[in-house]
Amino acid sequence: MNILSIETVPVAVPLTKPFKTALRTVTVAESVFVKITTDSGLVGWGEAPPTHVITGDSLGSIQFAIEHVIGPQLIGLDLRHSERVFQKLHRCMVGNSSAKAALDMAVYDLLGQQAGMPLVTFLGGYRDTLETDFTVSVNDAEEMAEDAMRYVKSGFNVLKVKVGIDDIEKDIDRIRAIRAEIGFETKLRLDANQGWEAKEAVRAIGQMEDAGLQIELIEQPVKAHDIEGLKHVTTHTYTPIMADESVFSPEDALQVLQLRAADLINIKLMKAGGIYKALKINALAESYGIECMTGSMIETKLGISAAAHFAASQPNITRYDFDAPLMLAEDIVEGGVIYEGRIIRFSITNGLGIDKVRMDERFMRK
Ligand code: MG
């Protein structure tokens, strides 16, 4: 089963409410869809959104890398020798993790189809369902408390609260306001997206602990490159600390694990360059007794399907942040994972189970 052709389609889907973090505001979900066709007639799908402030990838760079650098290297390769495909995919270009992730997930989609199994089963098939959290964008405390209440009322048991945009004292006020509104039944995890300094983070987290705000975990308190700072926060607080932007590759993960710089790792396919490397990061973390979450960028159900199939296949991945498709005004992907409120299920279709991508003019980005 050889790779015959690789095509890209840039898409754009509006969000129902702006997604706001310490790093960016997103109103339209842009992505490059990739379609790999084999000589046996199978089609594999992948997706890469441009997350400038995290991966450095843009829509143009993703498309160029797929069409002109990595893609041509993969044409003609036999998917029965998938290790050769992944070696080529990762070695022919440095960086460009999002473009690699899109190609990687399309290859895994095909491997599942070739094996005659849903991808989650092909990869190990550990869980049948996943429960996603829902993200509260960073705004003023009152708006965040209202948003949080709305998400709780619509059935979410875990909220991921974005903080780190301005004064750390205001972040504590935001969490107090949310707890006052929704009570203590709902799990709260915070994501500072690199917005805090190490020492102020220790002080603020200590205050939240003393105030009994019951925070499940805190993601990426300090700058991505500040591994010493991350370790400082992890060492001096009781609340579990999760590395996100600090860990792209297996090598990044190993450094964080060896230094005990974080209690948890957030694996995203767009940072790792796809499932092949994500499996390696998870295996390293598991060997250090560190559990992982799998999250995503602002992606459609296509990219999330790949992340969810990967996450559900591995026992060490215990937390899931797959709310992005629920933020989109329209679903342009038929098939893939099935959302029932906060619960994600898998169809019995082989591979990622993508039936059709709605190539409607409205969603085609020029
Ligand atoms: Mg994060």
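Since the structure is predicted, the reported quantities are computational estimates derived from the model, not experimental observations. Numbering of ligands and ligand atoms starts at 1, following listing order.
Taking the six-membered ring for Trp and thresholds of 30 and 60 degrees, Y108 and F86 have nearly parallel ring planes, at less than 30 degrees apart.
In this model, no donor atom of one side chain and acceptor atom of the other lie less than 3.5 Å apart for S31 and E299.
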Hey, can you pull the donor-acceptor pairs under 3.5 Å for the side chains in residues 68-79, sequence neighbours left out?
{"residue": "D78", "atom": "OD1", "partner": "M1", "partner atom": "N", "Å": "3.4"}
{"residue": "D78", "atom": "OD1", "partner": "R80", "partner atom": "N", "Å": "2.9"}
{"residue": "D78", "atom": "OD1", "partner": "R80", "partner atom": "NE", "Å": "3.2"}
{"residue": "D78", "atom": "OD2", "partner": "R80", "partner atom": "NE", "Å": "3.0"}
{"residue": "D78", "atom": "OD2", "partner": "R80", "partner atom": "NH2", "Å": "2.6"}

Expected list for residues 324-335: side-chain donor-acceptor pairs under 3.5 angstrom, two or more places apart:
{"residue": "E330", "atom": "OE2", "partner": "R362", "partner atom": "NH1", "Å": "2.7"}
{"residue": "D331", "atom": "OD1", "partner": "V333", "partner atom": "N", "Å": "3.1"}
{"residue": "D331", "atom": "OD2", "partner": "K301", "partner atom": "NZ", "Å": "2.9"}

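Within the structure, side-chain hydrogen bond (donor to acceptor under 3.5 Å, both in side chains) pairs that include any residue of residues 257-267 comprise E219-N266 (at least two apart or interchain).
For the pair I66/I62, a side-chain contact is recorded, criterion being any heavy-atom separation below 4.5 Å from C-beta on.
The tally of protein N/O/S atoms under 2.8 Å from the Mg ion (ligand 1) stands at 3.
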